[in-house]
Amino acid sequence: MTIQLSHFSAAVLFALFASIVFGITQRNTTREMLRYGLYCFAMFAGGVIAAGWVMWLLRR
Amino acid sequence: MANSTTDKTKAAEGLKTDAPPVTTMSVVAPAIAWLIPGAGHLIQKRWGRGLLLMASIVTMFLLGLALEGRVYKPNGGDILDMLGFVGNVGAGGLYIVTRAMDWGKGAIAHATADYGTKYLIVAGLLNFIAAADAYHIAIGKKP
């Protein structure tokens, strides 16, 4: 079975899974894990959007 | 001279007390965590964390295969291929099954296949982190 993902959906799924693992492994309490996981997800997804805008500006 | 000997003894004692205790769990947990993602947490009764790690890493690896990513072999010849192999082999049992079934040939026809290759590598690297975390739980460094 093969699937096709858009660049954005592939990046968001990557961010989701990596953030879950980072959150669980890098913090000690459940609350800290959740906060750090959300922080990592925001950084990953925000980084993708920021990089997209930078590339859009470079292309102009 | 006597002081020197005493110091050495104290230093040796210090090393002994600082070293993490070697228990069966401290050896088994990271090994099984590498072989089956999340299992290192599950055998230590960290059910929620174990299941989340397992779901994340296994899904990421399977998505990598579904995106037609490439699985690296140990004798790639190129340094980047070797690094790719190190990342892939972190997935443990998933990598062994994939190689045994001869999956992960990689498609160069479309760009998203490269995402698949990256998913496969990162799933392995994340599993290394999960195995290290299982070890830290086993030695009591983490709750």
K.L.:
Given the options B/Lys142, B/Arg49, B/Met60, which has more heavy-atom pairs under 4.5 Å with chain A than any of the others?
P.N.:
B/Lys142
K.L.:
Run the ring pair (Phe, Tyr, Trp, His ring centres under 6.0 Å) test against B/Phe128 and tell me which residues pass, sequence neighbours left out.
P.N.:
none
K.L.:
Which residues from residues 14-34 of chain A are near chain B, with near meaning under 4.5 Å between non-hydrogen atoms?
P.N.:
A/Phe14, A/Phe17, A/Ala18, A/Ile20, A/Val21, A/Phe22, A/Ile24, A/Thr25, A/Gln26, A/Arg27, A/Asn28, A/Met33
K.L.:
Walk me through it: do A/Arg35 and A/Tyr39 pass the test side-chain hydrogen bond (donor to acceptor under 3.5 Å, both in side chains)?
P.N.:
CA-CA 6 Å; A/Arg35 282 172 64 97; A/Tyr39 171 77; over 6 Å; no
K.L.:
Show me the donor-acceptor pairs within less than 3.5 Å that the side chains of residues 77-94 of chain B make with the rest of the protein, sequence neighbours left out.
P.N.:
{"from": "B/Asp78", "atom 1": "OD2", "to": "B/Leu80", "atom 2": "N", "distance (Å)": "3.2"}
{"from": "B/Asp81", "atom 1": "OD2", "to": "B/Arg70", "atom 2": "NH2", "distance (Å)": "3.4"}
{"from": "B/Asn88", "atom 1": "OD1", "to": "B/Tyr72", "atom 2": "N", "distance (Å)": "2.7"}

K.L.:
With sequence neighbours left out, write down each residue that passes ring pair (Phe, Tyr, Trp, His ring centres under 6.0 Å) with B/Tyr115, or none if nothing qualifies.
P.N.:
A/His7
K.L.:
For residues B/Val71 and B/Leu65, determine if any side-chain heavy atom of one lies less than 4.5 Å from a side-chain heavy atom of the other.
P.N.:
yes
K.L.:
Could you check B/His41 against B/Leu52 for side-chain contact (heavy atoms from CB on, under 4.5 Å), going step by step and ending with a plain yes or no?
P.N.:
CA-CA 10 Å; B/His41 287 71; B/Leu52 270 172; over 6 Å; no
K.L.:
Specify which of B/Gly48, B/Ala55, B/Ser56, B/Ala130 makes the most heavy-atom pairs with chain A at under 4.5 Å.
P.N.:
B/Ser56
K.L.:
Calculate, to the nearest 0.5 Å, the distance between atoms CD and OG1 belonging to A/Gln4 and A/Thr2 respectively.
P.N.:
6.5 Å
K.L.:
What's the separation between atom CE in A/Met1 and atom CD1 in A/Ile3, rounded to the nearest 0.5 Å?
P.N.:
6.0 Å
K.L.:
Report which part of B/Ile57 has an atom under 4.5 Å of a heavy atom belonging to chain A: side chain, backbone, both, or neither.
P.N.:
side chain
K.L.:
Under a 4.5 Å heavy-atom cutoff, which of B/Leu125, B/Ile137, B/Leu67, B/Val122 has the most pairs with chain A?
P.N.:
B/Leu67
